[in-house]
Amino acid sequence: MIVILVKSGLQLLLLLLVAPLISGIIKTLKARLQTRRGPDVLQPYRDILKLLRKGMVIPETASWIFSAAPYVVFVTAALVGLMIPMTATDAPLSLFGGVIAAVYVLALGRFFLALGGLDTGSPFGGLGSSREMTISAIAEPAMMLAIFTVALSANSTNLSEMARFAESQSWRFLAPSQMLAFAGLFIVLIAETGRIPVDNPATHLELTMIHEAMILEYSGPNLALIEWGASIKQLILMTLLVNTFFPFGLSSNWTVSGLGLGLFFYLLKLLLLACCIVLVETTNAKLRLFRVPELLAVAFILGALALISTFLF
Amino acid sequence: MILLWLLIVPLAAGPLAFILRRRPAMEAVNLTAFAVVLCLAAALGVQVVQSGPVSLWDGFFYADALSALVVLLSAFIALICSIYAVGYFRQDERDGVFQADGEVIGALGAYKLRKFYSLTPVFVFAMVLVALANNLGMLWVAIEATTLTSVFLVTFYGTKTSLEAAWKYIMIGGVGLSMALFGTFLTYYSAHRIPGTETLAGLNWSVLAVNATQLDKPTMRLAFILILMGYGTKAGLAPMHTWKPDAYGEAPVPAAAIFSSALLNCALYALVRFYILANRCLGADYPGHLLLLFGMLSMGISVPFILVQRNFRRLLAYHTIDHAGIMVTALGVGGPLGALGLTLHMTFHTVAKSLLFLCAGSVYQHFKTDLFHKVKGGVIHVMPLTGTVFLMAILAIIGMPPFSLFQSEFVILRAAMAAGHYVPSVLFVVFSTGIFAGALVHVGGLILAPADAAPVVRWQPWRNLPLLILSAILVVIAFWIPPPLFRLIQGAAVIVASGPVVSAR
Amino acid sequence: MPFIHDPEFGDRMITLMAALVLVLQILAVGQRWLMGNIRIFGLQSFLLAAIAGTIAFFNHANHVYIVALLTLILKAVVLPLILARLVERVGIQKEIEPLINVPLSVLISGCLTMVGYVVAESFYHPEETSGVAALGRNTLAIAIALFLIGFFMLLNRRKALTQVLALLSMENGIFLAGISLTYGVPLVIELGIFFDVFVAVMVLAILVYRIGETFDSMDVSKLRRLRG
Amino acid sequence: MNALPVRETFALGLGAYALGAFACLGSWRKPALARYLCCGLALAAAALEGCAAVLGLLQGTPVRWSISSGVPLFAYSFAYDALAGFFNLILAVLAAAVTIYSFGYLKEFEGKRNIGLFGFLYHILLLSLTIVFAAANAFLFLIAWEVMALTAYGLVSFYYEDPETRRAGLLYIIMSHIDSGFLFLGFLLLIQASGSVEFASFGAAAKQLSSSHQAAAFVLFFLGFSIKAGVIPFHIWLPAAHPVAPSNISALLSGIVIKTGIYGMARIFFDALGVLPAWAGMLVLILGVASAVLGVLYALMEHDLKRLLAYHSIENIGIILMGLGSALIFRVMGHPQLAAVALIAAMFHTLNHAIFKCLLFLGAGSVLHSTGTRNMEKLGGLIRPMPATAFCFLIGAVAISGLPPLNGFVSEWLTYQSLLAGFGATGGLTRILFPIAGSMLALTGALAAACFVKAFAITFLALPRGAESHHVHEAPRSMLIGMGWLTTACVFLGLGATWFLPIFDAMTEQLLGLRVGVNLITGKGLVLSAGTSHGGTVSTAVIGIGLLILMAPTALLASIGARRFGRRQGPTWDCGLPGLSSENEYTATAFSKPLRMIFSALYQPRREIQAVFDVSPYYPKEIHFESEIEPTFEKRLYAPLQDLILRLSIKLRAVQAGSIHAYLAYIFITLILLLLFGVRS
């Protein structure tokens with residue numbers, strides 16, 4: 001019992017620190033690619049600390065749900081973070097929540113965020129929540145198919161089992177089912193974290209923003225929690241992608257040396273994935289909202305093909 | 001001796017009522033006559049259950065369990081309807097229905113009442129005679145008598161449509177009965193090889209039933225077809241049913257109630273008598289298939305008419321055709337279970353259908369119309385007792401489970417499936433669902449429509465009493481049937497399934 | 001007249017008279033005049049009484065004598081009188097065109113006779129009974145034909161009175177069948193049947209009169225108000 | 001264990017219901033007394049039935065007894081086994097909640113409606129439901145089944161003055177009579193095969209049932225039960241009947257009355273029909289998936305609160321059928337272990353759905369009670385005047401969307417595990433069917449979440465839209481207690497799922513012959529494992545506690561700034577327009593617009609905009625906007641069927657066209673035909 005608490009404390013710390021770093025790296029990489037200097041990597045930390053110290057403005061129409069939403073978003077993201085193997089193969093809470101539980105806890109966070117958006121009474125909140133729920137609804141089946149492919153071959157839906165199974169097989173990644181699943185999951189990652197082809201994170205242009213519209217009314221510590229939660233969620237999805245398909249470098253035990261090595265490899269893999277995301281963001285324009293389902297239909301087809309290919313080849 | 005008194009009392013009541021002109025006297029004669037007949041019928045039932053068939057004048061009048069049941073039902077319905085008739089005609093007089101057609105005031109009204117009160121006892125006499133006549137020729141004469149006495153009941157109101165209904169009634173009835181007569185002659189001929197059939201007893205049903213196996217087969221086949229067509233017309237089986245909606249729609253409601261339950265039982269009784277002969281002579285499947293054919297036709301033909309019906313009395317008439325079809329199907333299925341289903345259904349149907357007609361009568365008299373769309377407010381607001389009883393009766397008649405008709409249909413269908421008649425069973429359920437939908441939509445709409453400010457009708461003693469009695473019986477027999485009555489029903493079923501128990505002289 | 005007792009002569013006479021009855025029936029199908037129809041019916045009943053009398057004479061069955069006498073009085077004389085008086089009271093003489101035109105209905109009557117024979121053959125094998133009992137064995141087919149043609153006439157005619165006559169001719173057909181098959185049913189039943197037929201005619205007469213009064217025409221096809 | 005008094009408590013419960021029914025009927029003149037009698041006796045009876053159910057489940061072995069009925073042909077025989085106990089337990093829980101709720105709800109009827117009649121029908125409905133679950137022979141089952149349909153009809157059309165309710169009531173009773181027609185034929189087939197009316201004899205006779213008989217019986221029973229459960233092609237009565245019924249009745253209808261269909265399927269498919277072929281399981285699974293997806297898609301487009309919840313009942317029935325279907329497939333493919341897990345998933349979801357759907361309908365009822373309207377476009381901002389109702393509705397919404405740590409998530413997780421196991425264990429076509437069903441379940445879950453965000457937010461959050469939702473008062477205390485009782489049940493079943501699962505052991509043993517409870521629970525009773533080779537583990541308890549524990553540091557973190565600089569109330573950002581009002585808020589139609597565009601192939605949306613102007617079209621005085629989606633099933637399937645029947649019967653009316661010659665011709669032709677051909681046969 002105590003071991004789990006210590007492990008989850010460590011992993012939580014790691015989670016909180018790495019998440020803003022990754023979003024900072026993505027922002028700077030994108031800027032560099034667009035030949036502009038862009039903010040330095042640590043800017044997200046400064047934003048969060050600044051926001052934590054600021055006062056808060058609560059809209060008159062809002063109820064207790066508006067102020068509860070940020071807490072739920074942050075806490076659910078953190079909890080899922082504890083279920084995912086980051087540096088070591090067995091995550092602290094992996095026994096208590098498989099991949100389905102992780103997906104649904106994230107859905108709980110999104111549920112309350114959408115309610116928070118609608119609680120403000122402004123049309124932007126409604127716009128954001130409606131689009132967020134629609135896109136996530138369309139993305140769910142594709143994500144499930146991709147996860148099923150990996151889970152079925154690993155004979156378990158626990159993420160640690162999946163990571164351990166992937167580690168044991170050499171060149172597991174080159175199997176067609178894994179590659180198709182990775183592609184499908186990558187598209188879902190783009191949709192879930194609100195990256196360019198689906199939603200532009202940087203914009204405040206009313207008609208195009210999805211995630212931003214929901215959190216328009218938040219300020220001060222609430223906004224900090226939401227931003228931080230969003231970056232943790234982004235980190236989780238990237239880790240899910242990275243550690244289930246390229247599990248090398250995950251340490252099998254929680255020794256200091258193993259963790260150090262694991263951390264190095266983990267950050268390297270995240271950096272590579274961040275570069276892919278940035279590449280996709282800069283080369284693509286934002287899709288119209290009613291074309292996004294076609295993109296996610298592609299992801300669904302990829303997931304289905306991956307599933308079929310597990311027993312065809 | 002009971003048999004003799006059972007015949008004499010109604011026969012005497014008719015002319016007696018004719019002589020005593022004044023209405024209260026006639027009503028009293030009718031009520032007492034039918035009360036006495038009911039007691040006699042009950043006594044007969046008890047005696048038959050205890051000591052087997054009763055016969056009189058060496059077998060000319062013969063009462064076994066089946067005929068005792070039919071007599072009991074007819075007598076019961078006659079009494080209930082005569083009580084209702086008293087209230088019904090007093091209301092008619094108050095509404096000036098008799099003066100409506102502008103002919104001679106007063107006298108004509110009295111003449112019509114005299115006609116009703118004198119003809120009904122003779123009509124009941126004819127029905128009792130049908131059940132007690134052992135001789136098949138006498139059976140025919142009795143059924144012809146029922147037709148003749150009931151014609152003037154149909155033309156009671158003297159309107160153009162009632163005349164038209166009466167003409168169709170007597171014409172189609174006449175054709176049917178001539179076919180039945182032909183069938184009776186052929187049955188008599190088919191028994192020519194059996195020694196000792198030249199005498200009067202030769203045409204006795206009990207004699208024929210005992211040595212039915214020696215009857216001439218091809219003749220019996222033709223005879224059964226003619227009998228089925230003949231008495232089927234009286235029972236209102238399709239395609240000979242066309243007179244029924246007109247006659248029931250036009251006749252005064254107490255008469256229509258007796259027609260739909262007691263007269264139907266007598267016609268089916270005649271059919272059953274010949275079915276037993278044919279069953280023992282030709283085997284079960286020849287008559288069975290014919291009866292199933294007519295049963296399915298009757299149920300099928302009544303569905304469309306109930307679905308798009310506009311007149312609730314005609315709706316009840318088509319319902320009677322449907323239930324005639326059900327009972328004939330039960331007979332066609334045969335076997336001990338099918339026969340029990342038939343006798344159970346006959347009993348339950350008599351109670352439920354007469355209750356329905358009496359409720360329809362009260363509604364008709366209050367709203368002066370029997371068209372659904374003309375009845376403005378919901379019946380349940382204007383006449384609370386009649387409304388609820390009407391709703392309960394319509395639910396009972398379409399076979400909703402808590403009521404007993406579901407039990408008899410369950411028995412019939414179980415027998416049908418056991419005998420391997422899959423298609424008829426499926427058709428049976430499909431048709432009853434169709435009728436359920438049609439009846440509930442129309443009658444539900446009639447009763448449960450929202451109320452505009454119509455005043456609640458005050459308590460009508462004469463007409464509500466029969467409603468209460470019948471609905472009480474309907475609810476009781478859903479859960480408990482008095483053992484002597486059930487033994488009578490089972491005795492009748494045994495006779496239907498396997499012919500007479502012991503051969504009378 | 002020695003030949004009176006020869007069964008062969010009796011059989012010939014019965015078949016002749018039955019054939020005559022059938023011809024009269026087909027004539028009635030084409031007949032236009034009401035009074036004509038009534039007279040044909042009376043003649044038919046007379047011939048039937050004669051057939052019954054012949055059979056009774058040869059079989060010495062005295063109850064058949066009574067039946068023959070009754071038929072003669074009731075059907076040959078009394079009924080036609082009542083119906084004739086009814087026609088005067090109502091005052092309509094001429095029957096309008098039947099539903100199916102005359103040549104076609106005569107043709108149908110022919111077919112119905114054929115059907116009668118087919119049905120008779122299907123169950124009646126007179127060879128077994130021989131001698132006196134076989135008297136009038138082929139009258140059964142004519143009786144069935146009479147019954148079916150009567151039914152067809154009921155179907156075909158518009159006038160209420162003609163329908164009554166058709167009903168009575170059907171009843172005659174059955175009477176003839178009864179006589180030819182089993183020399184009639186026991187007397188009591190025969191009397192009952194006569195009584196019923198008589199009352200039926202009375203009732204029908206009253207109804208025809210009432211229809212004549214209210215619809216001031218005996219045309220039955222006008223009775224079409226009750227539908228659905 | 002000595003014989004627990006199952007029979008006595010059960011009989012006592014029935015007696016209490018019957019007594020309550022006639023007591024209410026007797027006191028219909030005095031509304032207040034009738035209300036007390038109705039709720040008091042119903043509560044007592046529900047409690048008794050609850051005890052009987054618990055005793056029955058503890059008893060383990062089925063208790064059988066029979067009493068002779070009036071008609072000496074049939075006895076009313078009862079069998080109180082695990083299945084009956086489980087469903088009676090659900091009924092008791094719901095009946096208790098709804099009765100407490102009705103105590104407050106019926107106060108509104110006092111002046112206007114006949115509470116005595118309502119109490120009578122309510123008691124008879126509960127009585128017949130209890131008997132349906134405990135009936136042991138076809139005769140008693142059919143009687144109870146039809147009495148339930150009849151009383152439910154009486155209650156659905158309780159507000160019979162508006163024609164919409166009458167039409168929905170008639171549609172309900174006719175559809176339920178059609179399904180009892182199917183059941184009647186199905187039972188007849190089984191009775192013919194086994195020779196007796198008892199359920200026990202059906203099971204024994206199922207062996208020598210020929211495959212065509214078994215297939216016919218399966219189809220008949222499946223049609224009958226899926227009409228009652230509201231499976232997709234036969235669902236049209238459900239969204240019509242539930243909204244018009246009084247709210248406490250629609251809670252019961254959705255909670256337990258449609259579950260009689262599920263109970264019937266479990267009883268007949270696993271007990272009476274022997275091992276069904278694979279195609280049967282696949283049919284159930286496919287129709288389950290169709291019902292789930294189409295149910296939630298149609299729910300999204302509704303802006304009548306109770307119609308939305310009615311469509312969600314169809315969706316959840318679909319999820320239950322997925323569990324049942326996979327259980328059937330596993331059984332015939334020879335994996336009893338997986339079949340047991342799938343069956344437990346289905347039954348657990350039946351329990352969960354019964355509870356949170358009843359909770360949601362009671363919530364909607366209290367909203368209707370306070371505002372008087374069901375149309376979400378007129379509601380809004382109700383969370384301030386009705387905080388308790390809002391909280392209960394929120395818990396119900398989170399549970400129905402299957403979000404952890406509540407009970408909806410547990411049963412959906414078990415369904416996922418059984419679908420995943422299906423991929424590994426079976427071959428051929430089903431190998432693909434299971435994962436596709438899994439992804440459709442995910443789609444359904446996510447759409448349900450979207451739908452309930454809409455339902456909760458538009459009804460309770462932001463500013464009140466219509467006049468009705470302005471000066472609104474909280475629901476009376478008894479209604480809140482009723483809802484509270486169900487909310488705690490939701491939370492307890494969610495967190496304590498592992499303690500609750502063993503009660504299914506008796507059921508799986510009775511239906512499938514093995515107990516899997518032990519390997520479903522690991523990790524010192526905290527963790528729920530799928531008990532299959534492909535399964536994972538989850539523990540809602542740990543998730544719940546984890547969320548709470550993590551809440552502490554975040555609250556600490558967030559309060560640093562808030563304490564020093566405090567929080568300020570300010571107007572919502574309105575892009576400089578003069579003040580934001582409720583007109584600018586997002587409405588239910590707007591919220592579901594993206595999904596209407598994406599699934600337009602299914603909805604065929606139709607939109608009409610008329611601008612009313614007097615000077616020039618560019619300055620409209622009023623704009624009328626009307627949008628509706630196409631009711632495909634009603635339009636394509638049921639309306640043409642109904643027209644066909646009515647046209648046919650009108651044509652057939654010509655048979656009775658009044659001419660006597662025609663009537664005589666019918667008889668003549670029949671006579672000639674019979675004479676010529678009848679004689680031969």
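Heavy atoms only: backbone and side chains are in, while hydrogens, waters and symmetry mates are out. Chain letters run A, B, ... following the sequence lines, proteins first, then strands; residues in each count from 1.
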Q: With a 4.5 Å cut-off on side-chain heavy atoms, are C:F215 and B:L163 touching?
A: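 Of all side-chain heavy-atom pairs linking C:F215 with B:L163, at least one is under 4.5 Å.
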Q: Count the heavy atoms belonging to other residues, nucleotides or ligands that lie under 6.0 Å from OH of C:Y65, then report whether that count exceeds 12.
A: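 Result for OH/C:Y65: enclosed.
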Q: Among B:M179, B:R310, B:K160, single out the residue with the greatest number of heavy-atom pairs under 4.5 Å to chain C.
A: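 Option with the greatest count: B:K160.
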Q: Does a side-chain heavy-atom distance below 4.5 Å link C:V203 with B:T147?
A: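 Result no, sub-4.5 Å side-chain heavy-atom pair not found.
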Q: For C:R225 and B:E164, indicate whether the former's side chain and the latter's backbone hold a donor-acceptor pair under 3.5 Å.
A: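 Flag not set: sc C:R225 to bb B:E164 has no pair under 3.5 Å.
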Q: Give a yes or no on this: more than 12 heavy atoms of other residues, nucleotides or ligands lie within 6.0 Å of atom CZ of B:F18.
A: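 Atom CZ in B:F18 is not crowded, with 12 or fewer foreign heavy atoms closer than 6.0 Å.
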Q: Which bit of B:F305 comes within less than 4.5 Å of chain C, counting heavy atoms only: side chain, backbone, both or neither?
A: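 For B:F305, the side chain is the part near chain C, not the backbone.
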Q: Quick one: do B:W167 and C:L204 satisfy side-chain contact (heavy atoms from CB on, under 4.5 Å)? Show the steps, please.
A: CA-CA 8 Å; B:W167 180 257; C:L204 282 169; 3.8 Å; yes
Q: Can you tell me if C:R89 has over 12 outside heavy atoms packed within less than 6.0 Å of its CZ?
A: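 No.
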Q: Quick one: what part of C:A160 sits under 4.5 Å from any heavy atom of chain B, side chain, backbone, both or neither?
A: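 Both backbone and side chain of C:A160 come within 4.5 Å of chain B.
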Q: For C:L167, which atoms come within 4.5 Å of any heavy atom of chain B: side chain, backbone, both, or neither?
A: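 The side chain, not the backbone.
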Q: Please flag which part of C:I193 lies under 4.5 Å from any non-hydrogen atom of chain B: side chain, backbone, both or neither.
A: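 It is both, since atoms from each part get that close.
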Q: Top residue by heavy-atom pair count (under 4.5 Å) with chain B, among C:K222, C:R210, C:E171, C:M202?
A: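 So the answer, after comparing C:K222, C:R210, C:E171, C:M202, is C:R210.
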Q: Write down the atom of C:F175, the atom of B:F185, and the distance for their closest heavy-atom approach.
A: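 Taking C:F175 first and B:F185 second, the nearest heavy atoms are CA-CE2, 4.5 Å.
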Q: For C:F195, is it the side chain, the backbone, both, or neither that has a heavy atom closer than 4.5 Å to a heavy atom of chain B?
A: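 The answer is neither part of C:F195.
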Q: If I measure from the heavy atoms of chain B, does C:Q163 come under 4.5 Å with its side chain, its backbone, both, or neither?
A: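 For C:Q163, backbone and side chain are both near chain B.
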Q: Please examine the side chains of C:M170 and B:S178, heavy atoms only from C-beta on, and report whether any two atoms are closer than 4.5 Å.
A: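 In short, these two side chains touch, coming nearer than 4.5 Å.
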Q: Heavy-atom pairs under 4.5 Å with chain B - which of C:D196, C:L154, C:I144, C:L226 has more of them than the others?
A: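 Most heavy-atom pairs under 4.5 Å with chain B: C:L226.
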Q: Contact part of C:L187 toward chain B, heavy-atom cut-off under 4.5 Å: side chain, backbone, both or neither?
A: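 No part of it gets close to chain B.
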Q: For the interface with chain C, which of B:V175, B:N311, B:L177 has the highest count of heavy-atom pairs at distances below 4.5 Å?
A: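 Answer, by heavy-atom pair count under 4.5 Å with chain C: B:V175.
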Q: Can you tell me which portion of B:K217 sits under 4.5 Å from chain C's heavy atoms? Options are side chain, backbone, both or neither.
A: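 Looking at B:K217, nothing touches chain C.
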Q: Under 4.5 Å, heavy atom to heavy atom, which residues of residues 239-247 of chain B contact chain C?
A: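 The list, in residue order, reads B:D246.
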Q: Using a 4.5 angstrom heavy-atom cutoff, name the option from B:T161, B:V308, B:T184 with the most pairs to chain C.
A: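 Most heavy-atom pairs under 4.5 Å with chain C: B:T161.
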Q: Heavy-atom cut-off 4.5 Å, strictly under: side chain, backbone, both or neither for C:V220 against chain B?
A: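 For C:V220, the side chain is the part near chain B, not the backbone.
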Q: With rounding to the nearest 0.5 Å, note down the distance linking OH in B:Y188 to CG in C:L181.
A: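 So the gap between those two atoms works out to 11.0 Å.
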